[in-house]
Undergrad: 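Below you will find the structure I want to go over with you.
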Amino acid sequence: MPWKGIKDPYRIWLSEVILQQTRVEQGLKYYENFIHNFPTVRDLAAADEKKVFKLWEGLGYYSRCKNLIHTARKISTELNSRFPDSYAAILQLKGIGPYTAAAIASFAFNLPHAVIDGNVFRVLARVFGIREAIDTTAGKKIITALAEQLLDKKEPGTYNQAIMDFGATVCRPANPDCADCPFQNHCVAFREDIVALLPVKTKKIAVRTRYFYFFLPIYRATVPVRERLSKDIWQHLYEFPLIEKAAETPAAEIIRAAVRKGWLRQDTLTEISPVYTQKLSHQLIRSVFIACRPAAKPAGFENYRWEKITALKTLPFPRTITQHLDNF
DNA sequence: AAGACGGGGGC
DNA sequence: GCCCCAGTCTT
């Protein structure tokens with residue numbers, strides 16, 4: 001990993017934020033791309049917000065991107081581009097929680113703070129045979145206490161890196177490599193043959209299905225777009241005029257609704273795309289794209305701006321939209 | 001304490 | 001189809 005051994009807190013911060021709830025293989029390209037475009041926190045702070053979101057496009061959890069920009073600007077303007085060098089000060093920054101603060105503090109400043117991430121939860125739950133669910137307050141307290149007690153205070157960065165590497169490569173979520181594990185003789189879960197049962201998690205999320213019908217009226221090689229600003233998924237990404245339904249709805253009915261909005265004339269020829277499904281952790285999005293080529297500019301798009309189709313590639317869109325644009 | 005928030009990959 | 005991922009923020 002390109003950030004390994006790096007001491008630059010900016011690079012550590014950037015890599016850790018990118019890797020929040022994200023696999024290394026997925027985040028790697030984004031990290032390299034960001035460093036290439038923004039070598040320093042000053043460059044990131046000075047960047048156009050749309051450009052930053054475009055680089056983040058497809059990575060998900062877009063509030064990370066918003067907070068990244070916010071914190072870069074704060075460091076650049078209020079802290080003279082110097083990254084805070086205490087755990088408490090780092091933790092104050094937007095988008096940085098206990099995990100990322102401990103990672104930056106230990107990797108960049110050799111401060112004795114234990115990282116507690118998914119790997120650490122899993123490794124400690126197994127080695128110490130913690131049967132308490134780790135997604136409860138009680139379970140988290142047990143793991144946190146263990147992690148802080150086990151931390152090598154002399155080399156916290158090395159220790160933190162090691163336990164996470166160990167969790168990622170040996171003590172994996174599925175099919176852990178217990179046969180070659182150096183902790184085999186010390187692992188409660190291995191001894192009691194409950195490795196596959198740990199860690200215990202209780203909560204499960206309900207997935208709701210949403211039905212999106214996007215309109216792509218193409219007029220003089222432009223289409224209406226707008227930034228998603230409501231408190232919903234894909235905040236700060238762009239979208240086309242959208243009609244959302246609570247259930248699957250025939251295209252004819254959607255088009256009638258669009259006609260009532262002034263989005264198109266009833267006699268306009270339309271092209272209906274197949275259904276694109278996008279599975280989020282908590283929602284299932286089923287999207288249909290309805291394209292048409294109106295003879296005159298439709299009126300009912302007050303909240304949208306007409307963007308050249310060739311310029312769409314500079315705007316950040318949700319995955320499901322970029323997938324359709326790729327086929328379009 | 002519980003939800004909201006993306007997207008991809010393994011099995 | 002379900003689970004997990006180098007989590008954080010809001011309610």
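Chain identifiers are assigned alphabetically (A, B, ...) following the order of the sequence lines, protein sequences preceding nucleic acid strands; residue numbering begins at 1 within each chain. Predicted model, so just to flag it, every value in this text is computed and none were measured.
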Undergrad: For C:dC5, does OP1 or OP2 lie under 4.0 Å from any side-chain N or O of A:R122?
TA: yes
Undergrad: Do the side-chain N or O atoms of A:K201 get closer than 4.0 angstrom to the phosphate oxygens (OP1, OP2) of C:dC5?
TA: yes
Undergrad: Which nucleotide wins on minimum distance to the side chain of A:P173, given the candidates B:dC5, C:dC4, C:dA6?
TA: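 Among the listed nucleotides, the one closest to the side chain of A:P173 is C:dC4.
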Undergrad: With sugar-phosphate meaning primed atoms plus P, OP1 and OP2, does A:G58 contact a base, only sugar-phosphate, or nothing at under 4.0 Å between heavy atoms?
TA: sugar-phosphate
Undergrad: Grab the OH-P distance between A:Y276 and B:dG7 for me, whole Å please.
TA: 15 Å
Undergrad: Is A:Y62 near enough to B:dG7 that one of its side-chain N or O atoms lies under 4.0 angstrom from OP1 or OP2?
TA: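 Yes, A:Y62 has a side-chain N/O under 4.0 Å of OP1/OP2 on B:dG7.
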Undergrad: Answer with base, sugar-phosphate or nothing: what part of the nucleic acid does A:R319 contact at a heavy-atom distance below 4.0 Å?
TA: sugar-phosphate
Undergrad: Looking at A:H282, does any N or O in its side chain come under 4.0 Å of the phosphate oxygens OP1/OP2 on B:dA4?
TA: no
Undergrad: What's the CH2-P distance between A:W234 and B:dG7, to the nearest Å?
TA: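 Roughly 6 Å, once rounded to whole Å.
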Undergrad: Quick one: label A:S281 by what it contacts on the DNA or RNA (base, sugar-phosphate, nothing), any heavy atom closer than 4.0 Å.
TA: base
Undergrad: Who is the Watson-Crick or G-U wobble partner of C:dC9, with both distances under 3.5 Å?
TA: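 C:dC9 is paired, partner B:dG3.
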Undergrad: Is the distance between the ring centroids of A:F289 and A:F214 under 6.0 Å?
TA: yes
Undergrad: Once you apply a heavy-atom cut-off of 4.0 Å, does A:V120 come out as touching a base, just sugar-phosphate, or nothing?
TA: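 No contact at all - A:V120 keeps every heavy atom at 4.0 Å or more from the nucleic acid.
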Undergrad: Looking for any heavy atom pair under 4.0 Å, which part of the strands does A:L59 touch: base, sugar-phosphate only, or nothing?
TA: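 Touches a base.
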Undergrad: Could you identify which residues cluster with A:Y87, counting Ile, Leu, Val, Met, Phe, Trp and Tyr as linked when any side-chain heavy atoms lie under 4.5 Å apart, either directly or through a chain of such contacts?
TA: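 Listed partners: A:L91.
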Undergrad: Tell me which of A:K231 and A:Q161 sits closer to the 5' end of DNA chain C, going by the nucleotide each one is nearest to.
TA: A:Q161
Undergrad: Taking only the side-chain heavy atoms of A:Q20 (C-beta and beyond), determine which of C:dG7, C:dC5, C:dA6 contains the nearest atom.
TA: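 For the A:Q20 side chain, the nearest candidate turns out to be C:dG7.
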Undergrad: Flag the pair A:F212 / A:Y276 as yes when their ring centroid distance falls below 6.0 Å, and as no otherwise.
TA: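 No, they do not, as the ring centres are separated by 6.0 Å or more.
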Undergrad: Please list, in numerical order, the residues of residues 98-113 of chain A that have a heavy atom closer than 4.0 Å to any atom of DNA chain C.
TA: A:P98, A:Y99, A:T100
Undergrad: So what does A:D232 hit on the nucleic acid, given a heavy-atom distance under 4.0 Å: a base, only sugar-phosphate, or nothing?
TA: sugar-phosphate
Undergrad: With sugar-phosphate meaning primed atoms plus P, OP1 and OP2, does A:E25 contact a base, only sugar-phosphate, or nothing at under 4.0 Å between heavy atoms?
TA: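 A:E25: no heavy atom of the nucleic acid under 4.0 Å.
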Undergrad: In whole Å, measure the gap between the P atoms of B:dG3 and C:dA6 for me.
TA: 24 Å
Undergrad: Compare side-chain N and O positions of A:Q21 against OP1 and OP2 of C:dG7 and report whether any pair is under 4.0 Å apart.
TA: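 Result: yes.
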